Amino acid sequence: QVQLVESGGGLVQTGGSLRLSCAASGSTFSIYTVGWFRQAPGKERESVAAISGTGRIIYYADSVKGRFTISRDNTKNTVYLQMNSLKPEETAVYYCAAVYRTSNYADPGGYDYWGQGTQVTVSS
């Protein structure tokens, strides 16, 4: 079992930055792939980024490449999402999720454990 808690969301202006954190407790964190997803009102949950347990494999959605950076510190049981140059259309609840093994980092259905989410609002 893995328990996940997101933090770091808030209100930021267009072009601003935020760093989200996903803190995990429970089982051995370093064996889990962790993904960040977001969901805006009325829209489906979409993948943002993901990182393998060792950090060697990283995935980004095309829409965030070059602006977002995912990283992890297994000594702190935490995964981070640095978000730069934020846009109003990226306003959403951001979730982190974990899975022991998945063949598709971008598929939310493949993740077993989810946090409660943190709101990110980008004002225009």
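Small disclaimer: the values here were computed from a predicted structure and weren't measured.
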All N/O donor-acceptor pairs, side-chain side in residues 7-22, below 3.5 Å, sequence neighbours left out:
{"unit_1": "Thr14", "atom_1": "OG1", "unit_2": "Ser123", "atom_2": "O", "d": "2.7"}
{"unit_1": "Ser17", "atom_1": "OG", "unit_2": "Asn84", "atom_2": "OD1", "d": "2.9"}

| Excluding sequence neighbours, so at least two apart, what forms side chain to side chain contact (heavy atoms under 4.5 Å, CB included) with Thr54? | Ser52, Arg56
| field | Cluster overlap Val2 with Tyr80, hydrophobic side-chain contacts below 4.5 Å | value | no
| message | Nearest 0.5 Å, please: how far is OH in Tyr60 from CG in Leu81? | response | 8.0 Å
| Any residue meeting side-chain hydrogen bond (donor to acceptor under 3.5 Å, both in side chains) with Ser124, in chain and number order, not counting sequence neighbours | none
| Which residues satisfy the side-chain hydrogen bond (donor to acceptor under 3.5 Å, both in side chains) test with Arg38, sequence neighbours excluded? | Glu46, Glu90, Tyr94
| request: Sequence neighbours left out, what passes side chain to side chain contact (heavy atoms under 4.5 Å, CB included) with Glu89? Give chain and number order. | output: Lys87
| said: For Gln116, is there any backbone N or O sitting under 3.5 Å from a side-chain donor or acceptor partner on Glu6? | reply: yes
| If you look at every heavy atom in Ala106 and Phe37, which pair is closest and at what distance? | O-CE2, 3.7 Å
| Arg72 versus Val79, closest heavy-atom pair with distance | CB-CG2, 3.7 Å
| In chain order, what residues pass the salt bridge (Lys or Arg N to Asp or Glu O under 4.0 Å) check against Lys65, with sequence neighbours excluded? | Asp62
| field | Separation between CD1 of Ile51 and CH2 of Trp36, rounded to the nearest 0.5 Å | value | 12.0 Å
| task | Would you give the length of the straight line joining atom SG of Cys96 to atom CH2 of Trp114, rounded to the nearest 0.5 angstrom? | result | 9.0 Å
| said: According to side-chain hydrogen bond (donor to acceptor under 3.5 Å, both in side chains), does anything in residues 98-113 pair up with another residue at least two apart or in another chain? List the pairs. | reply: none
| request: Group every Ile, Leu, Val, Met, Phe, Trp and Tyr by side-chain heavy-atom contacts under 4.5 Å, then state whether Val93 and Leu4 land in the same group. | output: no
| said: I need the Asn77 CG to Thr28 OG1 distance, nearest 0.5 Å. | reply: 8.5 Å
| Between Ser30 and Gly53, is there a donor-acceptor pair closer than 3.5 Å when you use the side chain of the first and the backbone of the second? | no
